[in-house]
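Below is one structure, written out as C-alpha cells; the observations come after it.
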Amino acid sequence: MKTSSDLYIASCVERGGIVRYRLDADGTLTCFDRLALPYPSYMQIEGNRMDIVLHRTEQGPEGAALQATILPDGSLMQSGARISTRGTSSCHIAQADGQVYCANYSSGSVIRLPDRLVTHSGHGPNPDRQASAHCHCTLFSPDRKYLLVCDLGLDTVFVYDRDLREVSRASVLPGEGCRHAVFSSDGRYLYVENELSGSVSVFSWEPGRLSFIRSVPTLPAGFDKPNKGSAIKLSRDGRFLYVTNRGENTIVKLAVSGDSVSVLEKTPTYGDEPRDFSLLLDEQYAIVTNQFSDCFVLYRVTPAGLEKLRSVPLPAPLCVVEA
C-alpha cells in the first residue's frame with residue numbers, strides 16, 4: 001500500500017493554476033508548489049505526462065489545452081505551447097496514444113487537437129439548460145478504439161471512432177442532462193451521471209454501441225431545491241460508485257453490480273458546489289472540491305463511511321488528480 005502520493009488540484013480563477021500537495025498515509029497534507037495557469041478546469045495524467053484544459057484564457061472565452069511534465073520531485077513543468085480548443089467553456093480532456101480530445105461546453109463541440117472539430121446541433125426539453133448542445137465529457141472505451149462524448153444539452157452519449165466519425169449514439173431520459181461517465185470494471189456497462197436530474201443512468205456496452213437500461217435517482221423523493229449533479233467515480237474493486245450533488249451538497253455512495261445500482265449512503269461536502277471527487281492513496285482517503293466555498297475537504301475512507309479530516313482553502317477548486 002502506498003505511503004504517500006502527489007495530488008494536483010485545479011484552481012479555476014484567472015490567477016489560479018495546478019496546485020501540488022503531498023498526502024501521507026497518516027493523513028498529513030502538505031502544499032508544495034503551483035503551476036500558474038488561467039482558469040484550469042480539468043486534467044488527465046498518464047505516466048509523467050499531464051494534459052490540461054483551460055476553461056478560458058486571459059485573452060477571451062476560447063479554451064486552450066496544454067501539456068505539463070511531472071518531474072521526479074513531483075513538480076510540474078509546462079512542456080509546449082497552448083493549443084486552442086476552438087470552442088468556449090472548455091471543460092474536459094482525454095488523451096491516449098498521443099491523441100488529445102477536448103469537450104467545449106458552451107459551443108457544443110468536441111475536438112481532436114489541433115484541428116479535427118465536430119460541432120453538435122439541436123436542443124433538449126429544458127429551455128434554460130438545454131437550448132443548444134453542451135458537450136461535457138470525453139471518455140475512451142476500455143479498448144481505446146472509441147471516444148464517448150456526453151452532451152448535456154442533447155441528453156445523448158455519442159460514440160465516435162478515433163477520427164471523430166460518429167459510430168452510434170444513445171440517449172438518457174429526456175431532460176436528464178448527461179454530464180460525466182465511467183465504465184464498469186469489466187467494461188460491459190457504462191454509468192452516466194446526469195446533471196439536471198440528479199440520477200445515474202446505466203447502459204450496456206458492446207464495442208461501438210450503447211443500450212439504455214435504466215436511470216436511478218440519487219436525490220430523495222420530493223427533493224425540490226436546485227441541484228446539479230457533477231462528478232462520478234468508480235472504486236478500484238468496481239463495487240461502488242461515488243457521485244456528487246451540487247445543491248444537496250452531498251457525496252453519494254452507490255453499490256453497483258453489473259446493471260444494478262442502488263444508493264447506500266450520503267456524506268455532506270461541508271461546502272457549496274462540490275465539483276469533483278476522487279479516491280486517493282490506494283483509497284485510504286478522498287477529496288471533494290467545493291468550488292463556490294473556495295475550499296476542498298479531505299476525508300478518511302473507513303468501513304463506516306467517509307470521515308471528515310479537514311477543510312483546506314483554495315480559490316475555486318475543480319478537478320483533483322493523483323500521480
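For the 3.5 Å distance criterion, the side chains of Ser89 and Asn104 fail to qualify, holding no donor opposite an acceptor. Inspection of the Thr218 and Asn245 side chains reveals an N or O donor paired with an N or O acceptor under 3.5 Å. Looking at Ser132 and His123, their side chains never bring a donor and an acceptor atom within 3.5 Å of each other. In this model, no donor atom of one side chain and acceptor atom of the other lie less than 3.5 Å apart for Asp272 and Ser293. For the 3.5 Å distance criterion, the side chains of Asn249 and Thr269 fail to qualify, holding no donor opposite an acceptor. Between Ser84 and Glu62, the side chains place a donor N or O and an acceptor N or O closer than 3.5 Å (distance only, hydrogens not considered). Between Gln99 and Arg162, the side chains place a donor N or O and an acceptor N or O closer than 3.5 Å (distance only, hydrogens not considered). Looking at Ser215 and Ser201, their side chains do bring a donor and an acceptor atom within 3.5 Å of each other.
Taking the six-membered ring for Trp and the full ring otherwise, Phe183 and Phe203 have centroids separated by 6.0 Å or more. Aromatic pair Phe140/Tyr101: ring centres closer than 6.0 Å. Ring centroids of Phe158 and His120 are separated by less than 6.0 Å, placing the two rings close together.
Not one N or O on the side chain of Thr138 forms a donor-acceptor pair closer than 3.5 Å with the backbone of Val149. Without hydrogens or angle criteria, Thr244 side chain to Pro274 main chain gives a donor-acceptor distance under 3.5 Å. For the pair Asp161 (side chain) and Leu164 (backbone), a donor-acceptor distance under 3.5 Å is present.
Remark: Lys253 is positioned above the aromatic ring of Phe240, its terminal NZ or CZ atom under 6.0 angstrom from the ring centre and at most 45 degrees off the axis.
Closest approach of Trp205 to Ser141, counting heavy atoms only: CZ2-CB, 3.7 Å.
Using the six-membered ring where Trp is involved, His134 and Tyr105 have ring planes that are parallel, under 30° apart on the 30 and 60° scheme. Between His180 and His136, the two ring planes are perpendicular [angle over 60°; tilted spans 30° to 60°].
Environment of CZ in Arg310: crowded, with over 12 heavy atoms of neighbouring residues, nucleotides or ligands closer than 6.0 Å. Lys145 NZ: 12 or fewer foreign heavy atoms inside a 6.0 Å radius. Atom CZ of Arg49 sits in a crowded spot, with more than 12 heavy atoms from other residues, nucleotides or ligands closer than 6.0 Å. No more than 12 heavy atoms of other residues, nucleotides or ligands shown are found within 6.0 angstrom of CZ on Arg15. Counted within 6.0 Å of CD on Glu46, heavy atoms from surrounding residues, nucleotides or ligands total more than 12; the atom is thus considered enclosed.
Of the inter-residue distances, the one linking Gln291 atom CD with Ser230 atom OG reads 9.5 Å to the nearest 0.5 angstrom. Atom CG of Asp294 sits about 11.5 Å away from atom OG1 of Thr289, to the nearest 0.5 Å. Expressed to the nearest 0.5 Å, how far OH of Tyr42 lies from NE2 of His92 amounts to 3.5 Å. The SG atom of Cys135 sits 11.5 Å away from the CD1 atom of Ile111 when rounded to the nearest 0.5 Å. Taking OG from Ser75 and CD1 from Ile70, the interatomic distance works out to 9.5 Å, rounded to the nearest 0.5 Å. For the atom pair OH (Tyr21) and CG (Leu29), the distance works out to 7.0 Å, reported to the nearest 0.5 Å.
Taking 4.0 Å as the cut-off between side-chain N and carboxylate O, Arg129 and Glu176 do not count as a salt-bridged pair. A salt bridge links Glu273 to Arg246: one of the charged nitrogens lies within less than 4.0 Å of a carboxylate oxygen. For the pair Arg22 and Glu322, the salt-bridge criterion is not met [side-chain N within less than 4.0 Å of a carboxylate O]. Salt bridge present: Lys233 and Asp276 bring a charged side-chain N and a carboxylate O closer than 4.0 Å. A salt bridge does not link Lys2 to Asp282: none of the charged side-chain nitrogens sits closer than 4.0 Å to a carboxylate oxygen. Taking 4.0 Å as the cut-off between side-chain N and carboxylate O, Arg20 and Asp6 count as a salt-bridged pair.
The side-chain contact (heavy atoms from CB on, under 4.5 Å) test with Phe212 singles out one residue from Val202, Val157, Leu173, and that residue is Leu173.
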